[in-house]
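Both ligands and their constituent atoms are indexed starting at 1 by order of listing. Just so it is clear, the structure is predicted and the values come from calculations on it, not from any experiment.
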Amino acid sequence: GQHDGTTTTLAAVATSFAYLAVLACLAWAAAALLYWAHPGGPAWGRYWRGRGQGAGLRRAIPGPKGLPVVGSLGLMSGLAHRSLAAEAARRPGAKRLMALSLGPVRAVVASHPDVAKEILDNPAFAARPLNHAAYGLMFHRSIGFAEHGPYWRALRRVASGHLFGPRQVDAFTPYRARVAGDVVAALRGAGAGVVELRGVLRRASLYYIMRFVFGKEYDVSAPQSSSGEVEELLEMVHEGYELLGKENWCDYFPGLAAVDPQGIGARCAELMPRVNRFVHGIIREHRAKATTAAAGGEVPRDFVDILLSLQDSEGLADADIAAVLWEMIFRGTDAMAVLMEWAMARLVLHRDVQAKVHRELDEVVGRSSPVAEPSLPALPYLQALIKEALRVHPPGPLLSWRHRAITDTYVDGHLVPAGTTAMVNQWAMSRDPEVWDAPLEFRPERFLAGGEAPDVSVLGADGRLVPFGSGRRSCPGKSLAMTTVTAWMATLLHEFEWAPAAPGVDLSEVLRLSCEMAAPLQVRVRPRRDA
Ligand code: HEM
């Protein structure tokens, strides 16, 4: 009898638990649906529900609901800049500012020049959102991902005052010319054969940045096998690139980090010791060099020299220096090569544009001489061409790295609460006929006198074209990048006529950390000058 009684009681308790569990699930599902029904989806619904529904609907930022719980995470995979642009075009007002939910994370996207500029220049957006891969790769001690605060400000100060100052950029003029010369030699070596330009450009950018950052010199035209170190570095950069470019579910659902479902954490843990060995080895070499040799006056100082000299005054640990150095190799190598490949793709596709650049080079530089940097300011069409490439193919169509609101703030009259992720869709602005005349046409003339945007700066002053961002978190390497790309493009175009290897050029994109050509560009070159 007693046994039966105990069983009955246990059954009753189990049943009540089951009811409670079902009720809890129903309540959770009801709340999830309620949150989801809000413009911008569940993360926004949850925020505004906590503050009274009326206020939220009145001031809601337009945007897709997505799915319950996960919101619009699906939009971020693949060519996110295109998916976001299509969503924004579908809703009244959403081009200016669109709300969406990335799982539980609230996000906004601006696809309008004024609002983009408002976000980028607003100090409230000077922070970056959580990024596990960045953490795993030590990037939280680097400029790009360091928490907004005194440490990050010290790094930015070092970057603008020392690493990327105009004197530093000028000091590398001879080395820029040398790398360009190596590339020309490599291309001449290819004769009339087909060249896959990407490999050549990547290697040139890496060697150049290696010299700028580490003081190491390599020869671009040398056979690849002679530089095992470079091969390893290129591979490490590629892997880091993959890891930072992936949409990591753990960034939205931090509880998943312990499980690491995509294996990103594990790959970071594998890569980091290799990077550390490499970078700390270089720091040790520089220390030894500094104590044994007297400093030579003429050799430009590299980043390691500069950072070591500021180590005490700025309170930098060796690990901090290593993080900054690795970041520079990592950021500097890729974006420049990606931009030049796109620019060259357009030049082989639009032979009339190429002919105009050639005419300008012939008039200003002349066939009998090579290009020298002092001529660059006298080449307005070439400069306009690079701006047009940045407009149509911004290496970071969503500006690569996102921003996070540190405090509650207002954007375009809407409240954007602290913690919200903010993005700027440069790609969408570039394609907007309300911003550019015939936006799909590749037309450098738009940046010359008589065009719709003469004298536009690409460095952040004009919201229509912010490929390097703007404001506090903008690219510290932008003037180095622009000087280098302009000088190299001038040389490549002065020395060769460029033609596609096969009829037509496939302009499909793939979005990693940068937006690259999906099919690497293949070209044939014909020398325009005697070797
Ligand atoms: C064509 C070449 C380049 C492009 C298009 C480019 C673009 C960008 C963009 C869009 C950002 C983010 C801006 C934002 O968050 O709003 C950025 C940040 C950054 N870039 Fe560049 N970049 C280029 C070259 C370089 C080079 C050569 C270096 C260094 C050697 C560099 C170092 C950095 C760093 C350290 C940051 C992080 C800044 C911070 O968060 O405070 N970039 N870049």
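Around atom 21 (Fe) of ligand 1, protein atoms of type N, O or S found under 2.8 Å number 1.
If you run salt bridge (charged side-chain N to carboxylate O under 4.0 Å, His left out) between Arg202 and each of Glu231, Glu516, Glu196, Glu235, only Glu516 comes through.
Cation-pi geometry between Arg512 and Tyr241 is not met: the NZ or CZ atom fails to fall both under 6.0 Å from the ring centre and inside 45° of the normal. In this structure, Arg431 forms no cation-pi arrangement with Trp436, as its terminal cationic atom is not both closer than 6.0 Å to the ring centre and no more than 45° off the ring axis.
Atom numbering of ligand 1 starts at 1 in the shown order; those under 4.0 Å from a heavy atom of Leu399 are 10 (C), 12 (C), 16 (O). Near Leu120, meaning under 4.0 Å from one of its heavy atoms, ligand 1 places the atoms 16 (O). Set against the non-hydrogen atoms of Trp152, the atoms of ligand 1 under 4.0 Å away are 41 (O). Each of the atoms 29 (C), 30 (C) of ligand 1 lies under 4.0 Å from some heavy atom of Met328. For ligand 1 and Glu327, the ligand atoms under 4.0 Å from any heavy atom of the residue are 35 (C).
Scanning the protein for heavy atoms near atom 14 (C) of ligand 1, the closest one is His403 NE2, 3.3 Å. Looking only at protein heavy atoms, the nearest one to atom 13 (C) of ligand 1 is Arg473 O, 3.5 Å. The nearest heavy-atom contact from the protein to atom 37 (C) of ligand 1 is Gly144 CA, 3.5 Å. Protein heavy atom in closest approach to atom 15 (O) of ligand 1: Arg128 NH1, 2.8 Å. Looking at atom 10 (C) of ligand 1, its nearest protein heavy atom turns out to be Pro467 O, 3.2 Å.
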- Message: If you apply the rule ring pair (Phe, Tyr, Trp, His ring centres under 6.0 Å), what do you find for Trp401 with Phe145, and how did you get there?
- Response: CA-CA 9 Å; Trp401 290 341; Phe145 282 102; 4.6 Å; yes

- Message: Evaluate Phe447 against Tyr381 for ring pair (Phe, Tyr, Trp, His ring centres under 6.0 Å), listing each step before the verdict.
- Response: CA-CA 9 Å; Phe447 293 110; Tyr381 193 80; over 10 Å; no

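Nearest to atom 30 (C) of ligand 1 by heavy atom, out of Phe139, Phe164, Phe212, Phe125, is Phe164.
Using bins of under 30°, 30° to 60° and over 60° for the plane-to-plane angle, the ring pair Phe172/Tyr175 lands in the perpendicular bin. Taking the six-membered ring where tryptophan is involved, the planes of His140 and Tyr135 are essentially parallel, since the angle between them stays under 30° and well short of 60°. Between Phe496 and Trp498, the ring planes are perpendicular. Angles over 60° get that label, and only those under 30° would be called parallel.
A salt bridge between Asp318 and Arg284 is absent, with no side-chain N of the basic residue lying under 4.0 Å from a carboxylate O of the acidic one.
Panel note: side chain Ser430, backbone Arg391; a donor-acceptor pair is recorded below 3.5 Å. Between the side chain of Thr420 and the backbone N or O of Val416 there is no donor-acceptor pair closer than 3.5 Å.
Inter-residue side-chain proximity for Arg472 and Phe125 is flagged as unmet; no heavy-atom pair is nearer than 4.5 Å.
Close to ligand 1: Arg156, with a non-hydrogen atom less than 4.0 angstrom away.
With a 4.0 Å cut-off on non-hydrogen atoms, Val424 does not touch ligand 1 at all.
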